[in-house]
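Below is one structure; the comments refer to it alone.
None of these values were measured; they are calculated from a predicted model. Sequence positions, counted from 1, serve as the residue numbers for this chain.
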Amino acid sequence: MLSVRVDASPWCDPREATRLLRYALHRQGFTHTYQSNGSGMSVLSVLTELTVWCKNGLFIWSEDGVESSHPADDPAGAARLISQHYRRPTPDDDLAEEEADHQVRAFADTDSERD
């Protein structure tokens, strides 16, 4: 009798888990990535100093020479961790921060007028 694999979760397939990580990283600002698949694993080149491997249900990468890992069933969480460590501020970040500060000040001014 042939066995049938019922669990079709994306993280069971390193290619699919890595594809989802790639999309999550794109939303974090990492827009130039390259994915390669084979031999039961997948690799995602994100930056010159950052390559993420997906194998055995884990995303694995190196941060400052220390191996880090995160479950492959949480690509958005892995993208957040990677972004916290590797994302560099952009000019757009400064504009967004200034806009947020302006909105907070405008709200505070409006709020104080009510008192």
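Proximity of a side-chain donor or acceptor of Thr18 to a complementary backbone N or O of Gln35 within less than 3.5 Å is not detected. Using modelled atom types, no side-chain atom of Glu67 and backbone atom of Ile60 make a donor-acceptor pair closer than 3.5 Å.
Here the CG atom belonging to Leu21 is positioned 11.5 Å from the CD atom belonging to Glu16, to the nearest 0.5 angstrom. Here Arg22 contributes atom CZ and Tyr34 contributes atom OH; the two are 10.5 Å apart, rounded to the nearest 0.5 Å. Between atom CZ of residue Phe59 and atom CG of residue Asp74 there is a gap of 8.5 Å, rounded to the nearest 0.5 Å. Remark: Glu63 CD to Ser69 OG distance equals 10.0 Å, nearest 0.5 Å. Put simply, CG on Asp73 and CG on Leu20 are 11.0 Å apart, with the number rounded to the nearest 0.5 Å. To the nearest 0.5 Å, atoms CG (Asp64) and CD (Glu49) are separated by 10.0 Å.
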Take Leu25 and Leu44, measure what side-chain contact (heavy atoms from CB on, under 4.5 Å) needs, and give me the verdict at the end.
-> CA-CA 11 Å; Leu25 285 169; Leu44 183 64; 3.8 Å; yes
Walk me through it: do Val46 and Tyr86 pass the test side-chain contact (heavy atoms from CB on, under 4.5 Å)?
-> CA-CA 10 Å; Val46 182; Tyr86 285 97; over 6 Å; no
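No continuous path of hydrophobic side-chain contacts links Leu81 to Trp53 [ILVMFWY only; heavy atoms under 4.5 Å].
Considering all non-hydrogen atoms of both residues, Cys54 and Ala72 come closest at SG-CB, 3.9 Å.
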